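Data first, discussion second: the structure below is written as structure tokens.
Along the sequence shown, residues are numbered consecutively beginning with 1. Just so it is clear, the structure is predicted and the values come from calculations on it, not from any experiment.
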Amino acid sequence: MRASWGAVLRKFKQGSKKKTELAFEEHQRYLKRDIKQLHAQLATITTLQTLKPYLAERQQAIWDCAPSFDEIFFR
């Protein structure tokens with residue numbers, strides 16, 4: 001539990017208590033928007049055929065974020 005709390009503080013800790021609270025609030029708003037969007041997507045995914053575009057988009061996002069061969073081996 002303590003290690004998890006440290007990770008949370010490193011991510012959200014700001015210069016003042018008020019700024020830290022604002023960072024938590026902003027993240028909470030982001031999570032709520034994300035949940036709402038995921039619920040909307042879930043309502044439209046009723047078959048494997050309707051799931052395929054989401055999977056393709058997700059796979060492309062993974063490849064877009066992946067480091068290149070040169071970045072991995074030639075640093």
Side-chain angles (χ1 to χ4, degrees):
M1 176 79 176
R2 201 165 209 28
S4 300
W5 183 243
V8 169
L9 281 178
R10 279 192 297 279
K11 181 172 175 83
F12 294 103
K13 183 78 171 145
Q14 302 292 318
S16 70
K17 184 177 179 179
K18 182 67 175 173
K19 288 182 179 181
T20 299
E21 289 173 1
L22 290 173
F24 274 116
E25 290 171 8
E26 176 60 32
H27 187 66
Q28 185 178 27
R29 284 191 296 272
Y30 164 78
L31 291 175
K32 286 180 179 180
R33 284 190 309 266
D34 195 37
I35 290 169
K36 188 176 182 179
Q37 178 187 2
L38 290 171
H39 278 288
Q41 286 178 350
L42 187 58
T44 65
I45 299 172
T46 56
T47 65
L48 287 175
Q49 192 64 29
T50 58
L51 176 62
K52 285 182 181 180
Y54 292 105
L55 294 176
E57 182 180 315
R58 185 174 176 183
Q59 183 65 35
Q60 185 60 45
I62 290 169
W63 281 108
D64 289 346
C65 293
S68 70
F69 181 82
D70 289 341
E71 289 175 319
I72 294 171
F73 293 104
F74 300 108
R75 285 189 157 185

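Contact annotation: the side chain of Glu21 approaches that of Lys18 to within less than 4.5 Å [non-hydrogen atoms, C-beta and beyond]. Residues Ile35 and Lys32 have side chains not in contact (no heavy-atom distance under 4.5 Å, counting atoms from C-beta outward). Put simply, the side chain of Tyr54 does not reach to within 4.5 Å of the side chain of Leu42, judged on heavy atoms.
The distance from atom NE2 of His27 to atom CZ of Arg29, rounded to the nearest 0.5 Å, is 11.5 Å. To the nearest 0.5 Å, the span separating OG1 on Thr47 from NZ on Lys52 amounts to 9.0 Å. Rounding to the nearest 0.5 angstrom, the gap separating the CG atom in Leu51 from the CZ atom in Arg58 is 10.0 Å. Here the straight-line distance linking atom CD of Gln14 with atom CZ of Phe24 works out to 9.5 Å at 0.5 Å rounding. Remark: Leu31 CG to Lys36 NZ distance equals 15.0 Å, nearest 0.5 Å.
In this structure, Gln59 places its CD atom where more than 12 heavy-atom neighbours from other residues, nucleotides or ligands lie under 6.0 Å away. Enclosure of atom CG in Leu38 by more than 12 non-hydrogen atoms of other residues, nucleotides or ligands within 6.0 angstrom is indicated.
The two atoms that bring Thr50 and Ile45 nearest to each other are OG1-CA, 3.5 Å, heavy atoms only.
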